[in-house]
Every structure is written in C-alpha cells, then in structure tokens.
2 protein chains.
Amino acid sequence: MATIRDVARLAGVSVATVSRVINKTDSVNPETARQVLKAIEQLQYEPNAVARGLAGKKMGIIALILPDILNPFFPALARGVEDVAHKKGLTVILGNSDDLGLKESSYIRVLKKKYVDGFIFASNTIREEDVEALRKEGIPIVLLDRGLNTASCAVIRSNNREGAKLAVQHLIGQGCQKIAHIYGPQEFITARERMLGYEEVAGGLSEYSPSLMVQGNFDMESGRKAIEQLLARHPDLDGIFAGNDLMAVGALKALHERGIRVPEQVKVCGFDGISLTEITEPELTTVAQPVYEMGGLAARILLDEIENGIRENKLIELEAILIPRKSTYKEGL
Amino acid sequence: MATIRDVARLAGVSVATVSRVINKTDSVNPETARQVLKAIEQLQYEPNAVARGLAGKKMGIIALILPDILNPFFPALARGVEDVAHKKGLTVILGNSDDLGLKESSYIRVLKKKYVDGFIFASNTIREEDVEALRKEGIPIVLLDRGLNTASCAVIRSNNREGAKLAVQHLIGQGCQKIAHIYGPQEFITARERMLGYEEVAGGLSEYSPSLMVQGNFDMESGRKAIEQLLARHPDLDGIFAGNDLMAVGALKALHERGIRVPEQVKVCGFDGISLTEITEPELTTVAQPVYEMGGLAARILLDEIENGIRENKLIELEAILIPRKSTYKEGL
DNA sequence: AAATTTAATGTAACCGTTTACATTAAATGA
DNA sequence: TCATTTAATGTAAACGGTTACATTAAATTT
C-alpha cells in the first residue's frame with residue numbers, strides 16, 4: 001500500500017500539500033493539485049484510516065449499542081443506522097448490552113479507546129453518568145427510547161402514548177367493551193407511556209377496572225402467562241392491548257390453546273410492527289413504529305453532530321401508526 | 001487521558017519498559033514492573049487502541065459481512081459472532097451486503113484501511129478474487145455457506161444435504177407419499193445441497209416426479225407462489241419440504257388460504273430453525289441449523305488465526321437437527 | 001515605491017503506541 | 001580470570017497521517 005509520502009515523492013511536493021489536496025483544507029495551485037491527483041491515481045493511493053484516526057481522534061466508526069439483536073425489534077433499527085452510515089462512508093460497530101448497564105459501560109470504555117466517532121444507544125439501562133461523561137468529552141451521542149431527564153443529547157422515540165391511544169380506540173371502534181392491557185416493565189419509558197395511553201382511553205369505558213392491567217416482560221412467554229391471569233379475573237374480556245408484539249403473540253397462542261377464538265371472541269392488538277405480526281394466524285393488528293426510519297434518523301442526527309458539530313439536544317417523537325389486521329376484525333367485516 | 005509517556009515519567013522508566021510491562025513481551029525486573037503497574041493504576045492509564053492499531057496493523061475489530069440483518073436467519077449468527085468476539089475483547093463491525101458482490105468489495109476496501117483484524121463473510125456472492133486478495137495480504141477470513149472451491153480459507157456450514165434427508169425421511173415417516181420440494185436459488189450452495197438431499201430420499205418414492213420440485217427465492221412470497229404451481233400440477237400432494245423456513249411459512253399461508261389443512265391434508269417442513277417457526281399456526285417442523293453456534297465457531301476460528309496464526313483451511317460442517325412440530329403431525333398422534 | 005496581504009508550499013512536531021538496536025551490568029563458562 | 005551469555009533497560013525510528021508555523025513570491029493597498 002502506498003503512503004502519503006510515496007505520493008508526495010512521485011508528485012514532487014511535500015506531504016502537507018498532498019494532505020491539502022486530499023482534504024481540500026487549504027488552497028493549493030490547480031496545476032500542483034493535478035500533479036498530486038495524478039500521482040494518487042497512479043499509485044492507487046488511499047489514505048490510511050487508522051493514521052488519520054490517530055491524528056484526528058476519529059475513526060469513522062459509529063457504535064450502535066442495543067439490548068439484543070435477537071430481539072426482532074432491533075434488526076430493522078440496525079439496518080436503518082447502517083444504511084445511513086454506509087452511505088456517508090462510516091462503518092457501524094454493533095454491541096449487545098442485554099440491558100445490562102455494566103455491559104454498556106464496558107462497551108463505552110473499549111470503544112472510546114478506539115476513537116469511535118459517536119454512540120447510538122438503543123437501551124433503557126444506559127447510565128446517566130455514562131452519558132454525562134461522554135458528553136463532557138465531546139463525544140456525540142443519540143439515545144433511543146430514553147427518558148428526557150437526560151436533556152444533554154438527542155433522544156429519538158416514537159409517540160408511544162398516542163400510539164397506544166390509537167390501539168385502544170381501534171379496539172373500541174371494533175366493538176370491544178372490556179379491554180385489558182398487558183404492560184411491559186415499568187422501568188422502560190416506552191412501557192409506561194403505552195400504559196398511560198391505554199388508561200387515558202380505556203379509563204373512560206364503563207367496564208374499565210385497574211385489574212384489567214397485568215404486567216408482562218416484553219417477551220412471548222410473559223404474554224402467555226398474562227392471559228392466564230386476565231382470564232381468571234375477567235373471563236368476559238373482549239379486547240387485549242399488549243404493550244408489544246411479542247407479548248401479543250404470546251397472548252394469541254394462549255388464547256388459541258384455550259379455544260378462545262380471535263377475533264370473534266377476543267380481539268388482540270400489539271405494538272411495534274415487527275414482521276412476526278404478519279406470520280401469526282390470524283395476522284396481528286399492531287401499532288407500528290417506524291423502526292427503520294428511527295435508526296436512520298438517529299444516524300443522521302449523530303452524523304450531523306460528528307461532521308458539523310451541530311448539536312440538537314431535543315426529543316424527537318416519530319408517529320406510530322395503526323395497522324389493522326385480522327386479529328381485530330369486527331364480526332361481519 | 002493519560003498516555004504511555006505519562007506513565008513512564010511517573011514510574012521513572014522509559015516508555016519501552018512500560019510497553020513491555022503491558023504486553024509482557026520481554027523480561028523486566030519485577031520491582032520495576034511493580035512501579036509501572038502502580039503508575040498505571042494511579043493514572044488510570046489505558047493504552048490507546050488506535051495508536052496500537054497503527055503500530056501493529058490490527059485494530060482489534062472483526063468485520064461481519066452478511067446479506068441482510070433483517071433476514072431472520074442472521075441475527076443469531078451475528079449474536080454468536082459478537083458474543084465470542086466480545087469475550088475476547090474484540091469488537092464487531094457489521095455490514096449488510098444485500099448479496100451484492102460490489103457492496104462486499106466496497107466493505108473490504110473501506111475496512112482494510114481501518115486495519116480490521118479479519119473478516120467473516122456470510123455471503124453467497126463474495127468474489128473469489130476478493131478472497132484471494134485478502135489471503136495474499138495475510139488478512140484472516142472465514143466463510144459461511146460457501147462452496148469449497150475456495151480452499152484457501154476456513155468454510156463453515158451445516159450439513160445441508162443430511163439435514164434435507166432428515167426432513168424428507170421424517171415426512172415419509174409421518175405417512176407422506178408424494179412429497180414436493182420448494183428449492184432456493186441454485187447459485188446458493190445451501191439450496192443445491194438441500195435439493196440433492198431431497199432427491200436422494202424422495203427419488204426413491206413411487207410417487208416421485210421431477211415436477212414435484214419448483215423454484216423459490218428463499219422469501220415468503222415465493223413460498224406462496226410455489227404452492228400455486230405445485231397444486232396445479234399435483235393436487236394430491238401430501239407433503240412439502242421447503243428449502244428454508246421463510247418459504248415454508250409462505251407455503252403454510254397459501255395452504256391456509258385455500259382451506260387446505262396442515263398437517264391433516266398436507267404436511268410441511270422447513271429448514272433453518274428461525275424463531276418464526278414457533279409462531280406459525282400450526283407450529284412449523286423444521287431442520288434447525290445451529291446458527292448461533294456457527295457464528296461462535298466462525299469467530300473462534302477467526303480469532304485463532306488472528307491471535308495464533310493458526311490457519312485451518314478446512315470445511316467444517318455442523319449437524320442440522322430435525323425439530324418435529326405440529327405441521328407434520330401424523331394423524332392420530 | 002514601500003508596506004501589507006494573500007497564495008502556495010515546505011518543515012517538522014504531533015497523535016500514542018511498538019520494537020529493532022544499543023548499552024550496561026550481572027551471570028555463566030572455559 | 002577473561003570471554004561470553006543473559007537480563008534489564010533505554011534510545012529512537014517506525015506506523016501514516018494532520019496541522020501549526022515558517023517561508024517565499026506575487027498581488028494589493030496607500
């Protein structure tokens with residue numbers, strides 16, 4: 001591999017001039033520039049990213065730390081991030097945190113040493129102190145699905161509360177009177193918001209009762225278990241809004257096992273819009289988050305800060321939309 | 001951040017000695033070492049990975065290039081790779097190639113400049129020339145699901161042919177007589193092998209006919225379409241072996257739409273073992289590849305070459321196992 | 001026409017490590 | 001006892017870029 005010095009020698013100029021030509025950082029005589037370009041072409045020269053990184057403290061890498069790429073919510077996010085990054089010539093490092101604050105800290109420690117340009121955390125457990133520390137060092141961050149107390153960096157999420165309201169309103173529109181909610185872990189702001197949206201709308205129903213809410217764990221199995229509890233308490237419920245799709249799928253399965261027919265007897269709506277929802281029988285109505293776009297947006301905002309130093313410490317909420325499918329079909333439609 | 005010079009100064013030694021202590025690359029007086037360690041501790045010193053990378057031409061990063069993380073086959077692979085890498089202190093760069101040789105070449109070009117330690121390609125389109133070029137430069141590679149003509153690096157895959165045989169034998173065992181096969185794109189060795197396995201076993205059936213095989217595209221939609229063709233040709237078929245789970249799911253849907261009951265009228269078996277197969281109704285029998293393990297193994301082999309220079313240019317085939325589920329239940333079970 | 005900018009380029013320090021080579025003192029061998 | 005290893009450490013040159021500062025010549029200003 002040719003180095004910048006080889007190019008300088010061949011073009012008969014100093015390395016500084018070559019660097020100027022490459023980075024267009026300073027004026028250089030057009031004729032000289034032509035010589036340099038010719039030499040670059042001739043030697044097939046490409047600047048070494050590591051040397052650049054050492055000098056400039058930036059490796060052209062962004063880190064995406066998410067809980068678990070196996071969770072079907074995250075591949076779309078990762079793809080959104082990667083597509084934008086790749087288009088701009090950056091690469092993406094992937095880290096699975098398993099929602100362990102410790103593992104996140106460990107990624108931060110390792111990746112700072114590698115002069116990563118910035119971080120995207122799709123995580124509920126990222127520590128306030130870690131965020132602050134990174135900010136102080138001037139390392140750009142974007143957060144997904146995080147609370148707003150951290151006003152020191154951009155936060156992206158979808159409008160979970162409104163989305164939840166859409167879901168419940170839809171269930172009501174399809175004729176449901178007694179709608180239960182399986183909510184996710186309350187340390188997740190997304191779970192809390194969705195629950196609030198549910199309460200806001202379902203609270204107005206005559207059949208409403210707080211005991212219509214049971215906790216789940218955002219996974220299939222917990223959706224299944226939740227159904228047991230719910231049916232024991234309210235054998236006559238006719239609608240279920242699950243805090244995410246995985247739990248909704250679990251619910252669907254549990255209902256199916258009990259011979260309860262969806263949507264005839266009970267209608268079910270999920271949240272997230274992962275592709276699983278098109279696989280179930282019946283296909284699952286869900287409130288879809290624009291996950292791919294969220295990833296792309298996160299990357300764009302991060303890159304904006306990396307490249308132009310533009311720092312937008314705001315909360316951006318994207319709209320979640322309802323996708324009606326068979327699991328909530330009104331009888332007769 | 002403290003540098004090695006700060007440490008050297010504080011410990012009253014030269015940077016070379018500090019480096020020796022850190023890397024245990026040369027003998028140093030135990031007492032001196034203690035001083036150095038004390039200074040390191042005191043300054044909270046951590047070696048800069050980029051400077052190290054520049055000096056040693058290795059950044060402690062491995063690149064995982066796969067077709068598309070959105071394809072449900074790959075998250076498990078990625079997780080397998082990342083878990084092993086993370087345990088060894090390496091980080092993983094993720095690239096989506098969309099099975100475009102060009103995009104793969106582009107990743108290689110960009111990542112070589114970043115002194116990536118090695119590559120894992122889970123790809124069917126990676127070019128022979130690219131592999132050769134990397135080999136020549138001494139950059140470790142591991143391939144997944146690739147042909148063996150490239151004998152110049154380790155190749156990992158599961159035993160697709162045997163797996164396919166398991167599938168067909170299972171269908172036969174469940175009473176199927178006329179078993180169709182939806183095969184994947186023939187440029188993928190995995191698809192070819194599975195088809196061969198199918199032929200090997202199904203070819204012995206009295207009802208066998210080459211027209212029982214139709215091409216699919218490894219995605220859901222193509223599985224659906226394949227069913228149309230197959231039913232037109234053979235309305236009396238009683239078993240389907242799909243070349244992968246996605247197509248099997250498509251088939252399941254198409255059969256359901258036509259009111260054909262699975263498994264009573266037609267039994268369906270997929271291949272891959274992605275989690276979707278637990279979601280369908282009925283749950284899908286499949287031949288599961290140990291995807292997570294394949295990723296982990298790929299990473300281990302790669303790391304072995306990176307760290308110890310041990311190069312194993314062999315083909316490793318892991319065993320795929322049959323997971324019987326409802327979609328192939330024999331009547332009366 | 002002298003003084004001041006501006007354009008174009010070069011020199012060399014710096015980013016933070018690793019490592020080949022040199023040096024010195026202590027240990028071993030003949 | 002003198003020559004030869006070996007251990008312990010230091011010096012300085014890589015690695016391959018960027019960039020502050022210096023220099024020179026040409027263009028502007030007054």
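Throughout, a chain's letter reflects where its sequence line sits, starting with A, and its residues are numbered from 1.
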Protein heavy-atom contacts under 4.0 Å, written 5' to 3' over nucleotides 4-20 of chain D as B (base), S (sugar-phosphate only) or - (none), form the string ---SSBBBB--BBBSBB
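- Not a single donor-acceptor pair under 3.5 Å links the side chain of A:Glu104 to the backbone N or O of A:Ser97.
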Can you give me the dot-bracket string for DNA chain D, 5' to 3', counting Watson-Crick and G-U wobble pairs with both distances under 3.5 Å, using [ ] for crossing pairs and | for partners on another strand?
||||||||||||||||||||||||||||||
Evaluate the criterion side-chain contact (heavy atoms from CB on, under 4.5 Å) for residue pair A:Ile65 and A:Ser123; output intermediate values, then yes/no.
CA-CA 7 Å; A:Ile65 312 298; A:Ser123 154; 5.8 Å; no
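- Evaluation of the side chain to side chain donor-acceptor pair (under 3.5 Å) rule for B:Glu317 yields B:Arg157, B:Asn159 as partners, not counting sequence neighbours.
- Look at A:Arg300 and A:Glu312 and you find no salt bridge, because none of the NZ, NE, NH1 or NH2 atoms lies under 4.0 Å from a carboxylate O.
- Checked by atom type and distance alone, the side chain of A:Asn96 never pairs as donor or acceptor with a backbone atom of A:Asp98 at under 3.5 Å.
- With 3.5 Å as the limit, one finds no donor-acceptor pair spanning the side chains of A:Thr190 and A:Asn160.
- Not one N or O on the side chain of B:Tyr115 forms a donor-acceptor pair closer than 3.5 Å with the backbone of B:Gly60.
- At whole-Å resolution of the value, NZ in A:Lys114 and C1' in C:dT17 are 15 Å apart.
- With respect to B:Arg109 and A:Glu46, a salt bridge is recorded, a charged nitrogen being found less than 4.0 Å from a carboxylate O.
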